[in-house]
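One structure below.
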Amino acid sequence: MMIKAFGYAAQSATAPLATFSFERREPGPCDVQIEILYCGVCHSDLHTARNEWKNTVYPVVPGHEIVGRVTRVGGEVKAFKAGDLAGVGCMVDSCGACPDCQEGLEQYCPTFALTYNSPDPHTGQMTYGGYSNRIIVDQRFVLRVPETLDLASVAPLLCAGITTYSPLRQWNVSKGDTVGVVGLGGLGHMAVKFAHAFGAHVVLFTTSPGKTADARRLGADEVVVSKNPDEMKPHTNRFDFILNTVAAPHNLDAYLQLLKRDGTMCLVGAPQDPHPALEVFNLIFKRRRLAGSLIGGIRETQEMLDFCAERDIVSDIELIPIQKINEAYERMLRSDVKYRFVIDMASLGQEAASA
Ligand code: NAP
Ligand code: ZN
């Protein structure tokens, strides 16, 4: 028997998202069934809905920043019970046996399943994400959500939070470091908050001069408008670490030059087209490094959520009804988001009832 579900899907790369009825698997012994309360809107949702990464299988139900209530658990689930809060991020399965899984780095497992647009190892159909009323997920991929934080503002931690927390931890960002964050969107504003919380001196690079005051409120010590070369130049050879969250191709050399000797720039932004070719001497002469990072493992995601509870850190959000999702995508493309859209899934209620 399958479970009826309802949400919003894109039926093609050019179609706006619209209502969609589908089925999810009956919970197995290790599964947790969750009624979704809130789902954040990640730029990856937009890349996927519009097939910008050339791998979308339609219909696609995006959404991987999920917070909800457990309604049912399988017989072997010990850590969750009906009524608990639960979170689900970008992954819903992995092999559990490979070296990456063994190290708690499930995001690098060669056969992991993403929350949407992945073949579901349980059913063979594609996975459907959080722009929907309910989801069934293996307990290994369900996170404990702190009761003390605002739930809608917690949702973006499940992707934007962990995707920035993980590289900042990997490169040991701490007091005494000078850290750059490129782009003040969903990921960027969490990077600013975390780098500040870890004690670093934080410099935000933005294409939007109007975000300066917000950046400072969020924890940036300095703000640089990156479109202006005169503003960039004084920062040459200054940074221990730069986290680049930009969702469009751009000139990486402009930022590599800002790293100290042995400094690293880590890319987390995932544009559809390659960045322009870079000047190798910008790496060679100061032994600089260019790196990448994919979300974060489940153990680290829980650590991040617990850290946020302890330090009272959440995302700055704009709560929207799901009927506004297409408008939200257009605003995200214009960098007009402060600083994450989150869907209030209660707005799905009427439509779901009549489906
Ligand atoms: P977002 O909210 O749209 O933020 C991106 C920000 O980049 C914008 O707000 C803007 O900030 C800046 N920007 C946009 N276009 C630019 C341009 N042409 N040149 C320079 N800056 C530009 O997106 P997001 O949800 O944070 O996601 C960012 C990227 O990370 C996406 O590509 C997404 O797919 C990817 N992602 C990767 C992972 C991972 O695991 N690696 C996880 C999640 C998301 P300013 O206005 O401040 O310039
Ligand atoms: Zn995401």
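What you see is a predicted model; the values in this text were computed from it and never measured. Note that ligands are numbered from 1 as they come in the structure, with each ligand's atoms numbered from 1 the same way. For the numbers below, each heavy atom of this structure counts, side chains included, while hydrogens, waters and symmetry mates do not. This chain uses plain numbering: 1 for the first residue, then up along the sequence.
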> Got an N/O contact under 3.5 Å between H250 and ligand 1?
Replying inline: no
>> Under 4.0 Å, counting heavy atoms only: does A160 come that close to any atom of ligand 1?
In response: no
> Rounded to the nearest 0.5 Å, how far does CD of Q125 lie from OG of S118?
Replying inline: 12.5 Å
> Between R311 and F194, is NZ or CZ placed under 6.0 angstrom from the six-membered ring centre and within 45° of the ring axis?
Replying inline: no
> Which atom pair, heavy atoms only, marks the closest approach of Y165 to E303?
Replying inline: OH-OE2, 2.6 Å
> Quick one: does Y339 get an N or O within less than 3.5 Å of an N or O on ligand 1?
Replying inline: no
>> Show the atoms of ligand 1 that are less than 4.0 angstrom away from any heavy atom in S293.
In response: 39 (C), 40 (O), 41 (N)
> Going by the atom numbers of ligand 1, which of them fall below 4.0 Å from some non-hydrogen atom of T163?
Replying inline: 38 (C), 39 (C), 40 (O), 41 (N), 42 (C)
> With distance as the sole test, does R24 use its side chain to make a donor-acceptor pair with the main-chain N or O of V137 at under 3.5 Å?
Replying inline: no
> Looking only at atom types and distance, does a side-chain atom of T245 sit under 3.5 Å from a main-chain N or O of V182, one as donor and one as acceptor?
Replying inline: yes
>> Less than 6.0 angstrom separating the ring centers of Y128 and F20, yes or no?
In response: yes
> So which heavy atom on L319 is nearest to which on I343, and how close?
Replying inline: CD1-C, 4.3 Å
> Looking only at distance, does F205 have an N or O less than 3.5 Å from an N or O of ligand 1?
Replying inline: no
> Any idea which atoms of ligand 1 are less than 4.0 Å away from a heavy-atom of M332?
Replying inline: 3 (O)
>> Does any N or O of ligand 1 fall below 3.5 Å from an N or O anywhere on G183, backbone included?
In response: no
>> Counting non-hydrogen protein atoms only, what is the nearest one to atom 16 (C) of ligand 1? Give residue, atom name and distance.
In response: V246 CG1, 3.7 Å
> Is R340 in contact with ligand 1, taking contact as a heavy-atom separation below 4.0 Å?
Replying inline: yes
> Where's the contact between A248 and ligand 1, heavy-atom distance under 4.0 Å: side chain, backbone, both or neither?
Replying inline: side chain
> Which ligand 1 atoms does K211 reach within 4.0 Å, using its non-hydrogen atoms?
Replying inline: 9 (O), 11 (O), 45 (P), 46 (O), 47 (O)
> What do you reckon, does L184 have a nitrogen or oxygen under 3.5 Å from a nitrogen or oxygen of ligand 1?
Replying inline: yes
>> Is it the case that ligand 1 has an N or O less than 3.5 angstrom from some N or O of G186?
In response: yes
> When only distance counts, is V268 in polar contact with ligand 1, meaning an N/O pair under 3.5 Å?
Replying inline: yes
> In ligand 1, which numbered atoms sit nearer than 4.0 Å to a non-hydrogen atom of T206?
Replying inline: 45 (P), 46 (O), 47 (O), 48 (O)
> Taking the six-membered ring of Y329 as reference, does the NZ or CZ atom of R50 fall below 6.0 Å from its centre and within a 45° cone about the axis?
Replying inline: no
> Under 4.0 Å from any heavy atom of C159, which atoms of ligand 1 are there?
Replying inline: 42 (C), 43 (C)
> What protein N, O or S atoms come within a distance below 2.8 Å of the Zn ion (ligand 2), ordered by chain and number?
Replying inline: C42 SG, H64 NE2, C159 SG
>> I'd like to check which ligand 1 atoms, numbered from 1 as shown, lie under 4.0 Å from a non-hydrogen atom of W53.
In response: 34 (O)
> If you measure from each non-hydrogen atom of S226 to ligand 1, which part falls under 4.0 Å: side chain, backbone, both or neither?
Replying inline: neither
> So, S226 side chain and T206 main chain: donor-acceptor pair closer than 3.5 Å or not?
Replying inline: yes
> Considering only heavy atoms, does H47 approach ligand 1 within less than 4.0 Å through its side chain, its backbone, both, or neither?
Replying inline: side chain
